[in-house]
Enquirer: 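My structure is below; once you've seen it, I'll send some questions.
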Amino acid sequence: MMFAFKNQSLKALYLLYFVGTGLFIRLPYWTIVSAIPACRPKRTWSMRRSFTVRLLKAMVGLFSAIGYPTPEGDPVKDSKAASTTGFVWVDGIPDEFIKGEVAAMAKKNSVLPARIYGYWFGKRASDGSHGQRASPGELVYYHLHGGVFVTGSCSPKSLLANIPLGVLGQCAGKVDRAFGLDYRLASSAPYPPSNPFPAALVDALSGYYYLVKTLGFSPRNVILGGDSAGSNLAVVLVRYLETAKISPLSGPRALLLVSPAVDWGCTHDDNSPSSSMQLNSKTDCCGVLLQEGYTARSLCGSLDPDEILHNAWLSPASLQISNPVGLFRGFPHTCIMAGGAEQIVDSIRTFRDRLIKDIGESNVTYLEYPDATHNFLEYTWHEPERSEALKEIERLLTDIFAEKRNSRARPSIDSP
């Protein structure tokens, strides 16, 4: 059972067990087997990568037993040190911006716009302040963090901040500022239920409104991106902007998706040995987070639990969506980055194929790195894939904003 040891007394005992067995059994064992290529999760992996992925899998197992760690972002502390952290408050969007199907789900789940916060990275104003208004023609990268919708932060203290920082570092001179939003996180039993769908979408829309309306960035100069759950959120944000037609919030110029988690109902996991959820169980650590269903329950809230299977606002790559054609019509050029060793790569490929049907192959760049695991852009040790992906991002953005892209898609590294 998930979070079986969340109570303080049980948590202390479990942590004692975890640390003890880790120090004296698992760490020595992992060191030995990771040194032997034939015993590595993938023979092509280095000893370091093999050891690190085993450690990550153990940490995910720990969190599923005792509860997720507290997100690094702390609005109380970070707002007091805003000049260092890049912290800003973001007001909720006007109620009338929530329309259609999303408004109906918001009503059922009692979701209203709320004041949230985020973090600025990169270039500052001449006086050293951050969050300055856009200069003419300025590009901005808007990032939505991962964390299975129940944890995570874009705080500069978070590992997830390595993604916007990596994009800025690679694209310096082209994209000099990034904004990362900390949207409301969902929860469900055994914790008090809070912030079901569409809370995160409403917050992402508030962040987009802040960039476009408050700071004056042209939507045509916004690069929207996300990792894992944040990629899911970026997808549904663009879909909402395309369907709701809210002036002046037209869609962004480009979409960057790292390991998008687009099937929370696990419809691609048929328990066959050939499914990526089973095939890559030793090379990835994210499968258990989907299979245990905590995120699905937390997102659904008061909605019918089957919505996670059939509703494209929740699981846009679900195999149980009756008619997926047209879901992504109007999307901008989209770059999808995936790892061939991650457990959700089957669903990512389904999403890629649906996207190509709707907007054309020339508007989709698909980069699949055979030896990469889930969310590899987050980890600075995940080389050479991380550097290669960041270089591809730079080339792509150069092409898009120079309006020099030709009619053919950039070749995939591996696109089964």
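Atom set for the values below is all heavy atoms of this structure, side chains included, hydrogens, waters and symmetry mates excluded. Numbers here simply count residues along the sequence, with the first being 1.
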Enquirer: To the nearest 0.5 Å, what is the distance between CD on Gln320 and CG on Asp306?
Expert: 8.0 Å
Enquirer: Distance under 6.0 Å and angle within 45° of the ring axis: does Arg177 meet both against Tyr141?
Expert: no
Enquirer: With a 4.5 Å cut-off on side-chain heavy atoms, are Asn375 and Glu342 touching?
Expert: no
Enquirer: Do Tyr210 and Phe179 pass the ring-ring contact (aromatic ring centres under 6.0 Å, His included) test, and can you show the C-alpha distance, the side-chain angles, and the key distance before you say yes or no?
Expert: CA-CA 10 Å; Tyr210 162 72; Phe179 177 67; 5.2 Å; yes
Enquirer: Using a 4.5 Å cut-off on heavy atoms from C-beta on, say whether the side chain of Leu319 contacts that of Thr350.
Expert: yes
Enquirer: Is any side-chain heavy atom of Tyr294 closer than 4.5 Å to one of Ser187?
Expert: yes
Enquirer: Would you check, one step at a time, whether the test side-chain contact (heavy atoms from CB on, under 4.5 Å) holds for Arg386 with Asn162?
Expert: CA-CA 11 Å; Arg386 185 175 188 270; Asn162 284 335; 3.9 Å; yes
Enquirer: Tell me whether Ser231 contacts the main-chain N or O of Val258 through its side chain, where contact means a donor paired with an acceptor under 3.5 Å.
Expert: yes
Enquirer: Ile348 and side chain to side chain contact (heavy atoms under 4.5 Å, CB included): which single residue from Asp353, Asp263, Ile336 fits?
Expert: Ile336
Enquirer: Between Trp120 and Phe87, does a side-chain contact (heavy atoms from CB on, under 4.5 Å) hold up when you go through it step by step?
Expert: CA-CA 7 Å; Trp120 279 100; Phe87 178 95; over 6 Å; no
Enquirer: Over 60° means perpendicular and under 30° means parallel, so tell me whether Phe97 and Tyr209 are parallel, tilted or perpendicular.
Expert: perpendicular
Enquirer: Before you tell me yes or no, could you show the steps for Asp371 and Arg49 under salt bridge (Lys or Arg N to Asp or Glu O under 4.0 Å), namely the whole-Å CA-CA distance, both residues' side-chain angles and the distance that decides it to 0.1 Å?
Expert: CA-CA 10 Å; Asp371 281 351; Arg49 183 176 299 188; 5.2 Å; no
Enquirer: Does a donor on one side chain sit under 3.5 Å from an acceptor on the other, for Thr373 and His382?
Expert: no
Enquirer: Can you give me the closest heavy-atom contact between Val150 and Leu185, atom names plus distance?
Expert: O-CD1, 3.8 Å
Enquirer: So, taking the atom named CD in Glu392 and the one named CG in Leu397, what distance separates them when rounded to the nearest 0.5 Å?
Expert: 11.0 Å
Enquirer: Verify the distance criterion only: is there a donor paired with an acceptor across the side chains of Asp269 and Gln291 at less than 3.5 Å?
Expert: yes
Enquirer: What pair of heavy atoms forms the shortest contact from Ile344 to Cys286, and how long is it?
Expert: CG2-SG, 4.1 Å
Enquirer: Whether the Ser153 and Asp182 side chains hold a donor-acceptor pair (N or O, under 3.5 Å, no angle test) is what I'd like checked.
Expert: yes
Enquirer: What is the distance from atom CE of Met277 to atom CG of Asp284, rounded to the nearest 0.5 Å?
Expert: 8.5 Å
Enquirer: Do Ser79 side-chain atoms and Val76 backbone N/O form a donor-acceptor pair below 3.5 Å?
Expert: yes
Enquirer: Are side-chain heavy atoms of Asn232 and Leu299 found at a separation under 4.5 Å?
Expert: no
Enquirer: Is the backbone of Arg239 close enough, under 3.5 Å, to the side chain of Thr243 for a donor and an acceptor to pair up by distance?
Expert: yes
Enquirer: Once you measure the plane-to-plane angle for Tyr117 and Tyr119, does it fall in the parallel (<30°), tilted (30-60°) or perpendicular (>60°) bin?
Expert: perpendicular
Enquirer: Determine the minimum heavy-atom distance between Ile400 and Arg253, stating which atoms define it.
Expert: O-NH2, 3.2 Å
Enquirer: Do Phe3 and Tyr191 have their ring centres less than 6.0 Å from each other?
Expert: yes
Enquirer: Should we say atom NZ of Lys174 is surrounded by more than 12 heavy atoms from elsewhere, each under 6.0 Å from it?
Expert: yes
Enquirer: Determine whether a donor-acceptor pair (N or O, by modelled atom type, separation under 3.5 Å) exists between the side chain of Asp358 and the backbone of Leu327.
Expert: yes
Enquirer: Just checking, Arg40 and Phe51: is the charged tip under 6.0 Å from the six-membered ring centre and within 45° of the axis?
Expert: no
Enquirer: If you count heavy atoms of other groups shown closer than 6.0 angstrom to NZ of Lys11, is the number above 12?
Expert: yes
Enquirer: Do you see a donor-acceptor pair shorter than 3.5 Å between the side chains of Arg124 and Ser129?
Expert: no
Enquirer: Is there a donor-acceptor contact under 3.5 Å linking the side chains of Ser34 and Ser50?
Expert: no
Enquirer: Check Pro71 against Gly152 and note the closest heavy-atom contact, atom names and distance.
Expert: CB-O, 3.5 Å
Enquirer: Before we go on, tell me: are the rings of His145 and Tyr183 under 6.0 Å apart, centre to centre?
Expert: yes
Enquirer: Dump the intermediate steps for side-chain contact (heavy atoms from CB on, under 4.5 Å) on Leu144 and Asp227, then the final yes or no.
Expert: CA-CA 7 Å; Leu144 302 169; Asp227 63 278; over 6 Å; no
Enquirer: Only one of Ile66, Leu13, Leu15 clears side chain to side chain contact (heavy atoms under 4.5 Å, CB included) with Phe5; which?
Expert: Ile66
Enquirer: Is the shortest distance from a Lys or Arg side-chain nitrogen in Lys157 or Asp78 to a carboxylate oxygen in the other one below 4.0 Å?
Expert: yes
Enquirer: Is a side-chain donor-acceptor pair under 3.5 Å present for Asn280 with Ser276?
Expert: no
Enquirer: Would you say the rings of Phe376 and His374 are close, in the sense that their centroids are separated by under 6.0 Å?
Expert: no
Enquirer: Output, in order, the C-alpha distance, side-chain angles, deciding distance and verdict of side-chain contact (heavy atoms from CB on, under 4.5 Å) for Met105 and Leu303.
Expert: CA-CA 7 Å; Met105 289 184 280; Leu303 302 176; 4.1 Å; yes
Enquirer: With distance as the sole test, does Thr151 use its side chain to make a donor-acceptor pair with the main-chain N or O of Pro69 at under 3.5 Å?
Expert: yes
Enquirer: Could you check whether Tyr240 and Glu242, counting side-chain N and O atoms only, form a donor-acceptor pair closer than 3.5 Å?
Expert: no
Enquirer: Which heavy atom of Lys213 sits nearest to which heavy atom of Pro248, and what is that distance?
Expert: CD-CG, 4.3 Å
Enquirer: Are any side-chain N or O atoms of Arg354 and backbone N or O atoms of Arg349, one a donor and one an acceptor, separated by less than 3.5 Å?
Expert: no
Enquirer: Is there a side-chain contact between Leu255 and His333 (heavy atoms, below 4.5 Å)?
Expert: no
Enquirer: Do side-chain atoms of Asn109 reach the backbone of Ser302 as a donor and acceptor pair under 3.5 angstrom?
Expert: yes
Enquirer: Once you round to the nearest 0.5 Å, how far does CD of Glu385 lie from OG of Ser387?
Expert: 9.5 Å
Enquirer: Can you name the closest pair of heavy atoms from Ala106 and Ile98 and give their distance?
Expert: CB-CG2, 4.3 Å
Enquirer: Is it the case that the side chain of Ser158 and the backbone of Ser155 share a donor-acceptor pair, with hydrogens and angles ignored and the cut-off at 3.5 Å?
Expert: no
Enquirer: Can you label the angle between the Phe328 ring and the Phe331 ring as parallel, tilted or perpendicular, going by 30° and 60°?
Expert: perpendicular
Enquirer: Scan Leu237, Ile223, Val222 and name whichever one has a side chain to side chain contact (heavy atoms under 4.5 Å, CB included) with Pro252.
Expert: Val222
Enquirer: In Å, rounded to the nearest 0.5 Å, how long is the span from NZ of Lys391 to SG of Cys171?
Expert: 12.5 Å
Enquirer: With side chains defined as the heavy atoms from C-beta onward, is the minimum distance between Pro332 and Val238 less than 4.5 Å?
Expert: yes
